[in-house]
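These numbers were taken from a predicted model, which means no experiment stands behind them. Lettering of chains follows the sequences in order, A, B, ..., and the numbering in each one begins at 1.
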Amino acid sequence: MGSNSLTLAPAPRSAAAEEVRAEVREFLAAELAAGSFTTHVDTWLSGVDPAFSRKLGERGWLGMTWPRQYGGHERTAMERYAVTEELLAAGAPVAAHWIADRQSGPNLLRYGTEAQRAEILPRIAAGECYFVIGMSEPDSGSDLASIRTRATRNGDGDWVVNGAKVWTSNAHTSHYAITLVRTSPADPANRHAGLSQLLVDLSLPGITVNPIRILDGGHHFNEVVFGDVVIPGDMLLGEEGAGWHQVTAELAFERSGPERFLSTYPLIAEFARRASDPAQLAALGRISARLLALRQLSLRIAGALDRGELPDIPAALVKDVGTTFEADVIDEVRRVVDVPASLDSPDALGRALAEAQLHAPGYTLRGGTNEILRGIVARGLGLR
Amino acid sequence: MGSNSLTLAPAPRSAAAEEVRAEVREFLAAELAAGSFTTHVDTWLSGVDPAFSRKLGERGWLGMTWPRQYGGHERTAMERYAVTEELLAAGAPVAAHWIADRQSGPNLLRYGTEAQRAEILPRIAAGECYFVIGMSEPDSGSDLASIRTRATRNGDGDWVVNGAKVWTSNAHTSHYAITLVRTSPADPANRHAGLSQLLVDLSLPGITVNPIRILDGGHHFNEVVFGDVVIPGDMLLGEEGAGWHQVTAELAFERSGPERFLSTYPLIAEFARRASDPAQLAALGRISARLLALRQLSLRIAGALDRGELPDIPAALVKDVGTTFEADVIDEVRRVVDVPASLDSPDALGRALAEAQLHAPGYTLRGGTNEILRGIVARGLGLR
Amino acid sequence: MSDVDLVVETVRDILTGYEPFVLTAERPWDAGLWSALAEAGLTGVGVPEEAGGSGGELADAVAIVGALAAGAAAVPVAEQLLVAAPAVLAAGLDLPAPEEPLSIAVDGAVTAEPRDDGDGPGSWTLTGTATDVAWAGVARHLAVLASSPVGPVLALVDVAGRDTTHAANLAGEPRGSLVLQGVTSAGALLTDAQAERLRARYALARAVQLSAALQQVLAWTVQYAGERQQFGRPLGRFQAIQMELAEMAGEVTAVAALVDAAVQAVERDESPVLAAAAAKVRAGAAVEVVARLAHQVHGAIGFTQEHRLHHLTRRCWSWRDEAGTETAWARVLGAGLLADGPDALWPALTRVV
Amino acid sequence: MSDVDLVVETVRDILTGYEPFVLTAERPWDAGLWSALAEAGLTGVGVPEEAGGSGGELADAVAIVGALAAGAAAVPVAEQLLVAAPAVLAAGLDLPAPEEPLSIAVDGAVTAEPRDDGDGPGSWTLTGTATDVAWAGVARHLAVLASSPVGPVLALVDVAGRDTTHAANLAGEPRGSLVLQGVTSAGALLTDAQAERLRARYALARAVQLSAALQQVLAWTVQYAGERQQFGRPLGRFQAIQMELAEMAGEVTAVAALVDAAVQAVERDESPVLAAAAAKVRAGAAVEVVARLAHQVHGAIGFTQEHRLHHLTRRCWSWRDEAGTETAWARVLGAGLLADGPDALWPALTRVV
């Protein structure tokens, strides 16, 4: 097979990444020893801890790749990769800042005005300013072009927004929402036209944040309702009408990180503590081989980002394969252990299984369902 | 969930079936002991042995459910089920008569003329007359409506057939092909119109049977080429133009038997001889639970046939789930044994793995691909 | 309409008044629903009238359990009707009144010391901790499988007033422990085979619940796919979704066929062990596929506590682990099928159900 | 164009003259292709010129093996370039001329008795049977891993004129046995770790072949789906087929990433054992999915001997079992990752590749 849009150059080795990895490891060991957090599954969704996020900011582990002038540290994507995977493997509470650091900050760097960048990016890098993604709506799941939240200009040149966004992770603990809105009437001939992104301060009058509890009762998601919310005109992000293009690029950006295959890593670690008979060791080997392959894929994408590429199709592939793996881990472990899953289990493995299972439906839905992702991969294969 | 087109009443218990089962078991043990056959995987495709088929005919185990006047034995579908599953579980050479007994005979009973029935059915029931299915063509896989083999009436009222059929199992050892042909020009408005079934004597002049070897080199399939073959006018099967309807019913009929989940049973039996450690016993248990469920489903369909129903949607479901299982068995066994698959293996399990693997691509393709079958199931769920 | 259909209709009628809710330590079961079922005599079905029950066959009890499982009903009916009551009766013990919830405890370590001759029903002293007790803190009576120097013992414990530790399964159903320190109770010696059958009946009860719940999950998912629009058409029109729903249907239909057959094997008074093992393994394996695809098709909305889907998927995730995991029962099944020797798999398979 | 690209292009040019064919006992390999490769110096790549080779790096040898695997080339190049030649050189033995096929034997039971002091390269007497020997009857020389009273021995046997039993893998590649009865040959003592590394290199060689073959299978399947019409449009337009091809692409891409990384680990002169184990396990697991879906998309035509697909799928089905099954290597990997203790999985994972 010749090269195609799915293949990427092998990830470069990075001594700097290994150096920062060692630092993070030491930090995490100390924090765990001090009891500042306990390991859980899927903490990049559910582990909100602003104090912990600020500690990471202090150490220079947020906004790592951004220019220094915006509070960043001008380090490579490979170094950032090492930091994020260490945090995920430890099951550390990183949810507060996760979206801002991964996605909203880079988005502001690409499309933000100088004022927006100067105001917000240093606060993100300090671990003090948190973002949510304002894309999905109650009637628009995978079909983002059908969103209905509207923004119209008023006489002062400000935007008046009405509508509602859902699945906004941790909006109740966040400061801003980059919100996809319709700024021109829907055009049946071009479903992707007329959309724009607004940078919305969640403390503005007219915004209501209603909790959406997930099936285990956890409060991570919210509905954000906009009732005649007035957004200053200069809070447009990027170009008016370019919202579709911007979110597509943003989604590609968010799909390839280690959080797409390490959400259930704490379960694997717990299983490893138990693995002893040949069948368990073989299961650990199989799980590990899949994880190692995903890690190489994800590292390749980090390498491509360092080269200035935007590998959207491999990123979709990583998310599809990786999130499938996250759920498969549960099944693989269950095949070789006799520990019932329960949050109240006296056995840490039983608790990890329970956490992983209760969060499982999210893995292959968030950030684009796996069916959508496979469609993107198929397009990359030249089939559509 | 209320009743839907997928649910069927539980299979009735049948003392008669258990009686004939015991007879078949005794017969097979004697034949095996006498060395008249050796157990293989997938013998309903590859185990052609006319002498064995005649023995079954002598014992009254072919044409079991047919009227006595046509050489049948007027027994129930449940009794026939017991006979066929015992033969498959033993890996006995049943390929010569399989299609004729399962499918062509019932087809003749439903659509044949009195002369056709009187002439052919007793010979099938005796294990002396073998059939092939003449449906697929080189350019028509799952899309049967696109077939091109044509039959036109000549001045004598006979049919003149030109074209080619492929995947005709064992045409080189068979006597007749029930052949789907186009008897009227294609009508874009009704793709299913203009097709008819002909009862074709494979010894007629103008018919050439060319072998198609499958990937292990085995010769089971053929291309049957028709060059101005003159077929007597009274060899039309059923109604002219009703071919689509007839093959659809025929396909439904053939999809639910135990050969849709027992093709690799000899591999399971070989694995069972080896299973000893807990992981192997658990794997045997998992495989067996799936098999037992499929068997109940298949028995339910046999029961429905005895009640005169034509459960086409459950039959599609059984074939989808069952043939997937046939291939999964290989993977399940490989997970817990260290025996390489090889036809030359000194180890019977290695040979069974090899046979099962080399035949595996066929399981989920023959008689309608699993994608097509799932479409039928989806229709049964009310989705199309 | 058969008796079974009538019974199911009665249960469904009652259920319309009792929507499933999120179970908590404060509200760990649906006491109102239980009362309604008890008033209708449904908590005594399958128990002969002379034993204080409502009469009826095993098939009726199974139908009730299935209808309640599909309704995510938080009541100990499966444990009472399919496991504990038949076991208590078979052991010759006095069955409590059917309106007093009776559950079953087979896990943990409880020892029984005979207080009399220990032969047949008698009095025993129980010591130890019963763990993973279904409806601990809710059930009034508990049939406890204990071990004694002379063999397994089924003891009937009145747990009113006894402390249980709070623990719950993934759906919030109580699964706490009960500490017994020298508790005197009625009990009867069982053979090892009887104890094994009791465990098998428990596993089969969970399989019955799983089968019904999975059928309901499929029905909800098909309904949702028919209604939910994406990209201008119902989800169910997308071939990718159709493939997923067909796969779910294959699993659900296979489970139903095997579970029904296992129940019939018990009705025929055959040993339930291998049939129950097979049913439990097959039903548990289906959860992996069915729950995953159901959530996948439902999308984010099905992942919320407001949506009904989790009431069943959370139960399914736990029920497959309870009364013996799939892996444990798979080993039992694999070993049991080879009991007549390594060449006798096929005859064994045709005997299981 | 890099050296590696150049090498691959040379191999592909040569391959255009040598279509894959069905291997039989009479024609068990492609002698003509071997000669063409040898003439071009490709059978000595990775071997220093002073040792009689063509020079070049491991990466070049890997690229050659990959291109030949994708072409279903019936020649012992993977064994020679990636396993036997490096092992023979590392052991300090004299490497045969690169145009004489050299293969590897690690299975069976062969014992070696020293004929001299047994320290370093020397002379040994070999007795026993080497089984599952890749290219038995085709290879002129065999590097045999034998056991001796003082440790594992790598012996270099000239097998010209020796009888081998005929056996073949699923693709017809020779995998016979060789009986050695008091055969004198050059050999060298290895440490257990060196022997383990040799096995790992063999496993990695198969993983390299699998990765290349699976990439080719995907490419053929995508091409077929784009061309084959069903129901009036190309197969690749059906969403069900797209989902299957995307799943294949996910497997193939993951395998390639890990195998490449494992090769790089070897290039960095790290111990190859866990990297090779991971690569072999991952590549073998992918065969299950990729070969199944490739045949499913190709339909009946891909199941025939005339179609090219089986040349690769049959090889993949065997290669995953050879040089240690996935299960065997998965156990090695699982145990190896826990070598620093049950809490040290993550640091171990970040070190493997």
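The contact between Arg273(B) and chain C is made by backbone and side chain atoms together, counting heavy-atom distances below 4.5 Å. For Ile268(B), the parts lying under 4.5 angstrom from a heavy atom of chain C are both the backbone and the side chain. Of the atoms belonging to Glu85(B), heavy atoms from both backbone and side chain fall under 4.5 Å from chain C. At a 4.5 Å heavy-atom cutoff, the contact between Leu292(B) and chain C is made by backbone and side-chain atoms alike. If you measure heavy-atom distances from Val353(C) to chain B, the contacts under 4.5 Å come from both the backbone and the side chain. If you measure heavy-atom distances from Leu245(C) to chain B, the contacts under 4.5 Å come from both the backbone and the side chain. The part of Arg25(B) that comes within reach of chain C is its side chain, from C-beta onward, which places non-hydrogen atoms under 4.5 angstrom from that chain.
With respect to chain B, the highest number of heavy-atom pairs below 4.5 Å among Pro234(C), Ala344(C), Ala283(C), Gly236(C) belongs to Gly236(C). Note on Leu317(B), Val377(B), Leu291(B), Val321(B): by heavy-atom pairs under 4.5 Å with chain C, the leading option is Leu317(B). Note: Arg300(B) leads Arg286(B), Arg290(B), Arg300(B) in heavy-atom pairs under 4.5 Å with chain C. If you tally non-hydrogen atom pairs under 4.5 Å between each of Glu86(B), Gln280(B), Glu371(B) and chain C, the highest count goes to Glu86(B). Taking Asp343(C), Asp260(C), Leu274(C) one by one and counting their heavy-atom pairs under 4.5 Å with chain B, the maximum is reached by Asp343(C). Considering only heavy-atom pairs separated by less than 4.5 Å from chain B, the leading option among Ala225(C), Ala256(C), Pro347(C) is Pro347(C).
In this structure the side chain of Leu258(C) never reaches within 4.5 angstrom of the side chain of Arg295(B), judged on heavy atoms. For the pair Thr253(C)/Pro314(B), no side-chain contact is recorded, criterion being any heavy-atom separation below 4.5 Å from C-beta on. Ile241(C) has its side chain out of reach of Leu383(B): every pair of non-hydrogen atoms, C-beta onward, lies at least 4.5 Å apart. In this structure, the side chains of Arg13(B) and Arg268(C) come closer than 4.5 Å at one or more pairs of heavy atoms.
For the atom pair CZ (Arg282(C)) and CG (Leu294(B)), the distance works out to 7.0 Å, reported to the nearest 0.5 Å. Of the inter-residue distances, the one linking Arg374(B) atom CZ with Gln242(C) atom CD reads 12.0 Å to the nearest 0.5 angstrom.
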